[in-house]
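What you are looking at is a predicted structure, and each value in this text was computed from that prediction instead of being measured. We name chains A, B, ... by the order of the sequence lines, and we start the count at 1 in each one.
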Amino acid sequence: MGTILQLRSVSKTYREGRNEVPAVESVSLDLRRGELLLLMGPSGSGKTTLLSMMGCILRPTAGEIRIDGTVVDHLQEATLPDIRKKHFGFVFQSFNLFPSLTAAENIELLLRMKGHEKKTLRAEALRLLEKVGLSDRTDFYPADLSGGQKQRIAFARALVGDPPIILADEPTANLDSKRGREVLELLKRHAAEQNKAVAVVSHDPKAEAAADRVIFLEDGRIKE
Amino acid sequence: MFWLAWKTLYHEKGRFFVTVVGIVFSTILVLTEVGIYLGMMRSATDIIRHNDADIWIASKNIQSFDFANTFPESRKNRVESLADVLWAEPLVLTWGFLKLANGGQEQVQIVGFNPDKGIGAPWSMIAGRASDVKGGRYMILDKTSEKRLGSLKPDSLWELSQSRFRLVGVSQDIRSFTTAPVLFMSYAQAQDLPIGWVKPGVTSYILAKLKDRTKKDDVVGSLRTLLRDNDVMTSEEFVMRTVRYWTIQTGIGMSFFLTALLGLMIGGAIVGQTIYANTVQHMKEYGTLKAMGAKNEEIYKTIFSQALISAVAGYALGTAVMLMSRHSIEAAGVPLYLSPLLIAGVFIIISASCLSSAYFSVRKIKTLDPVMVFRG
């Protein structure tokens with residue numbers, strides 16, 4: 001299990017007027033290939049801020065982030081989108097699918113964005129939908145799908161370009177427990193079978209069962 | 001990202017429809033206003049542009065073609081005395097009243113030309129020949145004035161300013177800016193009308209043709225020295241002076257311009273508002289794209305593509321409506337000039353207006369923080 005993502009003494013401080021409010025304080029962690037890492041903690045504990053920094057969406061105030069050994073936290077803002085495109089797949093709490101696009105088109109959009117060959121866009125989208133068990137919903141719009149189906153499409157979208165890291169923010173929050181379990185199972189299987197790294201933020205205690213490793217955050221710090 | 005723009009617009013047909021209707025309205029308004037303006041300016045300068053003269057000599061401080069004062073026609077000899085002048089011809093412009101069959105009367109713009117030379121003669125005839133006005137009280141009327149004057153039957157007799165004239169020909173598509181019907185007759189008859197300020201021995205214009213057009217400026221300079229009581233202009237200068245008079249001095253051009261601008265603003269506002277609302281509604285999706293690695297420029301392209309698709313659809317429909325209704329508008333007596341250049345120009349203006357309206361949406365994207373996608 002090689003480490004793909006490394007955080008060393010990473011902190012994030014927000015400025016509110018004249019006050020500095022720490023959201024994450026000196027967090028160090030490794031995310032390894034083939035594992036599902038669960039980040040847990042109460043609301044306001046800094047989980048989402050940490051996940052944003054892990055995904056190069058947010059820059060840390062201090063500390064170092066390495067992807068596959070390369071330091072990325074000091075890179076220029078303009079280069080970060082390319083890093084995200086290359087290394088990460090994202091799954092969001094509210095699915096964040098384009099309502100004007102069908103299930104297959106939502107995946108095609110990412111394929112286009114990642115420069116996939118135009119001739120095989122549809123075939124690749126169908127392949128990914130099949131992988132998440134939704135090959136019979138290719139031409140359905142998000143409005144016509146259940147929460148679980150939407151989250152599986154979002155997961156299929158995260159797989160576009162075969163990124164080494166999947167980051168999921170509360171992926172079960174808007175699902176019933178059965179659908180939530182199914183989504184976590186998908187993520188876990190992906191990590192194990194494809195040897196990819198998956199980090200999931202959740203405050204759902206049932207998610208622990210699917211995790212290979214759990215990190216608890218409290219007040220922006222890892223709770224030992 | 002053009003693909004995403006199209007998909008989004010297509011999915012939200014109601015909103016797309018409203019945008020397109022706004023642009024159709026805007027296109028029609030701009031094409032109509034500018035088309036009518038150009039049509040009127042063409043009418044105002046038709047006679048200047050439709051003859052072979054290089055130089056026009058008019059009364060001092062003339063404002064436009066339609067309002068000429070008289071001066072002695074003998075000045076033609078001075079013009080002809082210049083070695084570089086090939087020929088010089090007088091032309092009369094005056095006004096008269098034509099009695100109608102129903103007892104009413106219409107004011108007409110009278111052009112008196114030399115039928116032997118044909119300078120200033122009607123250039124497009126559908127009945128008779130321009131030279132038929134020679135040798136008596138003969139006149140030519142234009143087909144576009146039939147609605148106001150009644151049937152233009154060749155050989156019919158008309159009373160013009162207390163004299164009887166025979167209609168010997170009918171021209172087509174020759175209008176005046178003032179909308180008064182244009183009536184052609186011989187130069188001699190125009191001087192001989194009992195009512196009017198043109199009398200024998202005076203003329204409204206002298207037109208001159210040069211042996212060598214490249215010497216135009218030199219000849220104009222010489223004539224200005226020679227004819228200090230006249231205005232001496234090249235044909236192009238006279239066209240511009242007439243256009244400037246009707247456009248700026250009378251304010252007519254400005255009113256057309258303001259209406260066209262209003263159309264553009266309404267169209268632009270509708271597009272801007274719809275695209276902005278669309279962008280705000282899809283903020284979360286755009287934030288998601290940014291989080292997943294899309295660059296701002298890629299999202300800008302989507303928004304600008306939406307604006308451009310709306311512009312092209314609205315413009316195409318608006319232009320089609322205008323082209324289809326063109327003949328009905330012209331048949332109603334409105335001089336409408338829709339040239340390919342105007343149509344292309346309006347496309348650029350409409351597109352630019354739509355794209356600049358999308359700018360506010362683009363600004364919103366610029367400040368969009370992708371972290372927002374993790375906030376539920």
Checklist entry - Salt bridge check: are B/Glu146 and B/Lys143 linked by an N-O gap of less than 4.0 Å? => result yes
Item to check | Lys/Arg N to Asp/Glu carboxylate O, B/Lys301 vs B/Glu298, below 4.0 Å | outcome: no
Checklist entry - A/Phe98 and B/His11: aromatic ring centres closer than 6.0 Å? => result no
Checklist entry - Hey, which of A/Ala78, A/Cys56, A/Pro81 has the most heavy atom pairs under 4.5 Å with chain B? => result A/Pro81
Checklist entry - Given the options A/Leu80, A/Thr49, A/Leu110, which has more heavy-atom pairs under 4.5 Å with chain B than any of the others? => result A/Leu110
Item to check | Contacting region of B/Leu9 [heavy-atom separation from chain A under 4.5 Å] | outcome: neither
Tell me, for [X] versus chain B, whether the close heavy atoms (under 4.5 Å) come from the side chain, the backbone, both or neither.
X: A/Pro163; value: neither
X: A/Glu105; value: both
X: A/Leu109; value: both

Item to check | Flag, side chain of A/Arg157 to backbone of A/Asn106, donor-acceptor distance under 3.5 Å | outcome: no
Checklist entry - So which of B/Thr27, B/Ile348, B/Ile349 actually passes side chain to side chain contact (heavy atoms under 4.5 Å, CB included) with B/Tyr315? => result B/Thr27
